[in-house]
There are 2 protein chains.
Amino acid sequence: MICLHDATKYFSLMLLDETDKTLLKLLQKDCKQTNKALSNVLGLSVTAVYERIKKLENSGVISNYVALVNKEQVDKSFVAFCHIKLVQHSQDYVVKFEREVAKLHEVLECYHISGDYDYILKVLVKDMQEFREFMVKKLTNIDHIGSTHSMFMINEVKHTTTITI
Amino acid sequence: MICLHDATKYFSLMLLDETDKTLLKLLQKDCKQTNKALSNVLGLSVTAVYERIKKLENSGVISNYVALVNKEQVDKSFVAFCHIKLVQHSQDYVVKFEREVAKLHEVLECYHISGDYDYILKVLVKDMQEFREFMVKKLTNIDHIGSTHSMFMINEVKHTTTITI
DNA sequence: TGTGAAATCTTGTACAC
DNA sequence: GTGTACAAGATTTCACA
């Protein structure tokens, strides 16, 4: 787990060789593989794999290990993207909006972006009714929101957490 | 790992009690916790935790376990969102576009959406120059693309893989 | 059906080379 | 970087509510 005071560890970027990159690819696909299985693929000893993983963890390249949940299996199949414009862009308004939006568990992602709108949000709920509730009771209750524009997911073409290095 | 013929396992939604939900919350935050540590938090035996996790895996609620990589640490800090409109919406064009886009490793997410544009893509690259290369050499080389509109991330306010159930 | 305790087998981790 | 040795965890079996 990454703590605030660990930030000092990340001043310099770690140099990754091809073996590190392959290892990261494997771990991003399945982090429950045993070091023995990884050692077979990489052609290294178990200890070498162990040391490399520890180095990737300590340098902050690997931030954490998580279980991914199938949204359909937990009845959260409705994905919406909300564009948001603030009424003003003073430091005060921005900070407050960002803090409030981060608290909403329906919001999986929120980015400050260039363009016509200030923010884009990815929202995950059960269905259109729950989305309506979310908009009326939660999102638009946050101060300083000027306008919103929502788009709904028809189909998920691709969704990966794997970064190709 | 989920295989095609495993799909039969997921016909019915698994009913989750409060303990399951807490367990999922814990595993979505950190899947490397030992069953013993989880059993302490949940007030269950190690076996009970083990059985519950196996059930969540077999029912498809947990799809897989992955390492999350810090994009800044691997020099992929530039995030762009691309809206894409197709010239036509015949089955043929749609299928082909979706297949091609899924192949691009820079595209982490791609959704078919409602609204003015057909698709929204989340693209991850090193910098603006690499993004330009991506657009010119890869994305716009895909057939049937009518128009695109890109937005760039200024700041990441929130990004989680945790679904709150 | 779901839970707890002990037995065993596998894996992670540390150390010497 | 490798191989070995020991500690720790995962997994199975069986008894019990």
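Every chain is numbered from 1 and lettered A, B, ... according to where its sequence line falls, protein lines coming before strand lines. Side-chain atoms are counted along with the backbone in the values below, which use heavy atoms only and exclude waters and symmetry mates.
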How long is the line joining CG of N40(A) and P of dT10(C), in whole Å?
15 Å

Atom-to-atom span, CD1 of I53(A) to C1' of dT13(C) - whole angstrom
12 Å

Is the shortest side-chain N/O distance from R52(B) to OP1 or OP2 of dG2(C) below 4.0 Å?
no

Please pick, from dT13(D), dT2(D), dG12(C), the nucleotide with the shortest atom-to-atom distance to any side-chain atom of T47(B).
dT13(D)

Between C1' on dG12(C) and CD on E57(A), what's the gap in Å once rounded to a whole number?
12 Å

note: N35(A), atom CG; dG1(D), atom P; distance rounded to Å ~ 14 Å

How close or far is atom P of dT1(C) from atom CE of M14(B), stated in whole angstroms?
15 Å

Look at the rings of Y93(B) and H144(B) and say which category their plane angle falls in: under 30° parallel, 30 to 60° tilted, over 60° perpendicular.
parallel

How many Å lie between NZ on K36(B) and C1' on dA10(D), as a whole number?
13 Å

Integer-rounded Å distance: dT11(D) C1' and L38(B) CG
15 Å

Let's see if you can work this out: which of dT12(D), dT13(C), dG2(C) has an atom nearest to the side-chain heavy atoms of K54(A)?
dT13(C)

Taking K32(A) first and then E57(B), would you say they form a salt bridge - that is, a charged N and a carboxylate O separated by under 4.0 Å?
no

Look at the side chain of V46(B) and decide which nucleotide, out of dT2(D), dT11(D), dT11(C), has an atom nearest to it.
dT11(D)

Distance-only, no hydrogens or angles: does the S150(A) side chain make a donor-acceptor pair with backbone N or O of C82(A) under 3.5 Å?
no

Using a strict cut-off of less than 4.0 Å between a Lys/Arg side-chain nitrogen and an Asp/Glu carboxylate oxygen, indicate whether E100(A) and K103(A) qualify as a salt bridge.
yes

Hey, is the side chain of Y50(A) poking within less than 4.0 Å of OP1 or OP2 on dA14(C), counting only N and O atoms?
yes

Please test V94(A) against Y119(A) for side chain to side chain contact (heavy atoms under 4.5 Å, CB included), starting from the C-alpha separation and ending with a verdict.
CA-CA 10 Å; V94(A) 168; Y119(A) 294 94; 3.4 Å; yes

Relative to the 5' end of DNA chain C, which residue comes earlier, E51(B) or Q33(A), by the nucleotide with the nearest heavy atom?
E51(B)

Could you give the NZ-to-C1' distance, from K32(A) to dT11(D), as a whole number of Å?
13 Å

